[in-house]
Amino acid sequence: MRLVMKEPVESTGRPYARRWWALLVLCLSLLIIVMANTALTVAAPDMTRDLGLSSADLQWVIDGYTVPYAALMLLLGAIGDKYSRRGALVLGLVVFGGGAVLGYLAGSAATVIAARAVMGVGAALIMPATLSLLAATFPRAERAKAITLWTATAGLAIAAGPVVAGALLRDHGWSSTFLINVPVAALAIVGALVLVPPSKAGHHDRIDYVGGLLSVLWTGSLVYMIIQGPHFGWGAEAVTAAVVAAAGLIAFVLWELRHPRPILDVRRFTDRRFAGSNLAVALFFLAVFGAFYYLTQHLQFVLGYDALETGVRMLPLAGAVFVGSALTGWLTPRVGMKWTVGAGMVGGTTALALLTRVDAGSGYGDFVAPLVILGLAIGLALSPCTDAIMGAFPESELGVGGAVNDTSLELGGSLGIAILGSLLGTSYGDRLTDTTAGSGLPASALATARDSVGAGYAVAQGIGDKAHQAAARAAAAKDPRQAAQLKQQAAELAGGARQMADAVGSSFAHAVAHTSLVGAVILGVGTVLVAVLLPRRENAAPQVEEAEKEPATDTVSAAR
């Protein structure tokens, strides 16, 4: 047996014997690129303190990964199709690992942002490659099951990121959350070379680089606008990005409609099954990423759990994803994807609706049921949608298919954090202003507390520190009258600190409930749209049927 797998699956004439081991490598690759985002949510406070990050710096540390990731996937997926899907995976893992090393060595905001951007480029190579290699390696009869496990891995990564980061942060600095990716990436590289068979498209047509560059332009501008506008205001930068995104999208569609071999045949979006599946993926991750954004904050700041405890308490979501995925494999062949996806979206809407009951007295127990229902919903809905999206592409365009699925996912996640995150901040700030009215809190302190729930508790802590200082001075005072005045001042400050902390906690709980209501409405309306779009009968996409008529010899020779 050769150390490096060199024989394409197509040349064997039978299913690849070690395909489930290959799937393990693909899932491991997926795991680290999803965890790179979710782990950062619990590492951000330490990073902010050590590097002195402003709120704008922190936002771009998070989103410096997202912009290149979303913008480059379609073009890099097409390049992987033409030259080597496994090569794209390995190169992506190398780039991702290099960015992780840069992040570990970073000593400034600019370096961390640059490291995250490099990791985003690596992720843009890895993500579509995992799906295209999965589809190329597994026979069509087993592909849905493999995609189910791939989707379950994504759900596991959402919850596993905070657990791993929390465990590392107990004994190590925030930079360890970058370095942990390096050995995992190295293991995945070895696994890819040994276990994953090579694969590429069965044609030799030139890549539509103009269409690819236009996709980079409009997708990157759109994601930048989504990030810039809600968080930093709709100034010249956000408006310019919106105009560029709109113009780029129009130019992209017109070019693709006229090109004889487009990088993405936009006519596919006229197919109801394909369009409905993409819409469902985008809406689901809008809800999931938005909810994850504020639930982790509530657990850490309001309920007082540390990073590891927060991650552990998100695990019911990961376990439920696996259960939902198992149910999908049983339900979809019996009732069809329309009903399975619809049930998942209804479940997601229900989970968000349950979060509208959150208030100042809510404990962790109030979050368990929404987390479990949301996990079940993810497992039910996303696997059939991903399978439908990949099934709409011929074997020669599997990388593009993976990129389309992942771009829908990433755009939905970015919108979720932008829309629901912005709404959360506004709702929290307005409620805090109303709650602290007449308290005598200085305007500057209120402005600081309105910035975020963490800043609000920091203001309350500052008032508490002044109370301790006044109490210490009272204990040291020799004049009884002065000591009495200082004690009274300390008591008033201590009471003010408690009131401020209570106001911050109740205001954020109110914001979580209000934001969840809006999220439930968005996902509920989306559920109706997806139900209308998805057909009752599931027919194979015409592109796939045409691809299956292509001579097998062309595919084999190209793969070699």
Side-chain angles (χ1 to χ4, degrees), residues 31-32 34-53 55 57-59 61-62 103-104 112 155-181 289 291-319 355 358-368 370-372 374-375 417 421 424 428 449 451-465 468 497-498 500-509 511-512:
L31 189 74
I32 60 172
V34 177
M35 282 177 57
N37 259 348
T38 57
L40 192 66
T41 59
V42 295
D46 286 357
M47 187 187 301
T48 300
R49 183 183 61 253
D50 290 351
L51 298 179
L53 302 180
S55 59
D57 290 336
L58 180 59
Q59 193 62 49
V61 164
I62 295 170
Y104 172 74
V112 175
L156 172 65
I158 290 174
V163 175
V164 173
L168 290 170
L169 289 170
R170 285 199 164 181
D171 299 311
H172 307 282
W174 58 265
S175 59
S176 63
T177 61
F178 280 88
L179 194 62
I180 191 64
N181 293 299
F289 274 59
F292 191 86
Y293 177 76
Y294 56 75
L295 287 179
T296 52
Q297 290 186 67
H298 192 95
L299 291 173
Q300 282 185 281
F301 292 108
V302 179
L303 298 186
Y305 297 117
D306 65 21
L308 178 58
E309 291 168 341
T310 297
V312 169
R313 280 160 179 78
M314 296 297 290
L315 286 178
L317 183 144
L355 290 172
V358 172
D359 57 27
S362 296
Y364 172 67
D366 297 298
F367 293 91
V368 174
L371 285 172
V372 170
L374 187 59
I417 293 174
L424 178 81
Y428 161 74
D451 186 58
S452 67
V453 62
Y457 278 117
V459 169
Q461 180 64 45
I463 297 172
D465 291 342
H468 290 306
R498 287 192 298 271
M500 185 66 192
D502 291 344
V504 169
S506 64
S507 297
F508 193 78
V512 167

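Along the sequence shown, residues are numbered consecutively beginning with 1.
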Next item on the list: Using the test side-chain contact (heavy atoms from CB on, under 4.5 Å), find all partners of Tyr104 that sit at least two apart in sequence or belong to another chain.
Entry: Ser175, Phe178, Leu179

Next item on the list: Verify, without hydrogens or angle tests, whether Tyr294 (side chain) and Leu424 (backbone) share a donor-acceptor contact under 3.5 angstrom.
Entry: no

Next item on the list: Only counting residues at least two apart or in another chain, list the ones meeting side-chain contact (heavy atoms from CB on, under 4.5 Å) with Ala39.
Entry: Ala165

Check: When you measure from the side chain of Asp46 to the backbone N and O of Ala43, does any donor-acceptor pair fall under 3.5 Å?
Finding: no

Checklist line | Nearest-0.5 Å distance that lies between atom CZ in Arg313 and atom CG in Leu299 | finding: 8.0 Å

Checklist line | Approximate separation, where rounding is to 0.5 Å, of Leu31 CG and Asn181 CG | finding: 9.5 Å

Next item on the list: Would you give the length of the straight line joining atom CZ of Phe292 to atom CD of Gln297, rounded to the nearest 0.5 angstrom?
Entry: 11.0 Å

Notebook entry, point to check: Going from CG on Leu308 to CG on Leu169, what distance comes out if it is rounded to the nearest 0.5 angstrom?
Noted result: 9.5 Å

Item checked: Pairs meeting criterion side chain to side chain donor-acceptor pair (under 3.5 Å) with involvement of residues 452-464, two or more places apart -> Gln461-Asp465

Margin query: How close do Pro370 and Phe367 get, counting heavy atoms only, and between which atoms?
Written below: CD-O, 3.3 Å

Margin query: Using every non-hydrogen atom in the two residues, find where Gly311 and Pro162 come nearest and quote the distance to one decimal.
Written below: CA-CB, 3.6 Å

Item checked: Student check: side-chain heavy atoms of Val358 and Asp366 closer than 4.5 Å -> no

Next item on the list: Rounded to the nearest 0.5 Å, what's the gap from OG1 on Thr310 to CZ on Phe301? Could you check?
Entry: 9.5 Å

Notebook entry, point to check: Would you find a donor on one side and an acceptor on the other, under 3.5 Å apart, between the side chain of Ser176 and the backbone of Gly173?
Noted result: yes

Checklist line | Min side-chain heavy-atom separation Val512-Tyr428 under 4.5 Å | finding: no

Notebook entry, point to check: What's the shortest heavy-atom distance between Ala157 and Met35, and which atoms?
Noted result: O-CG, 3.6 Å

Check: Which atom pair, heavy atoms only, marks the closest approach of Ala460 to Ala501?
Finding: CB-N, 3.8 Å

Check: Are Val504 and Val459 close enough that some pair of their side-chain heavy atoms sits under 4.5 Å apart?
Finding: no

Checklist line | Steps toward side-chain contact (heavy atoms from CB on, under 4.5 Å) verdict (Leu40, Val61) | finding: CA-CA 9 Å; Leu40 192 66; Val61 164; 3.9 Å; yes

Checklist line | For the student: nearest non-hydrogen atoms of Ala497 and Ile463, plus distance | finding: N-CG2, 3.7 Å

Item checked: Reported CG-to-CG distance for the pair Leu156 and Leu315, which is rounded to 0.5 angstrom -> 8.5 Å

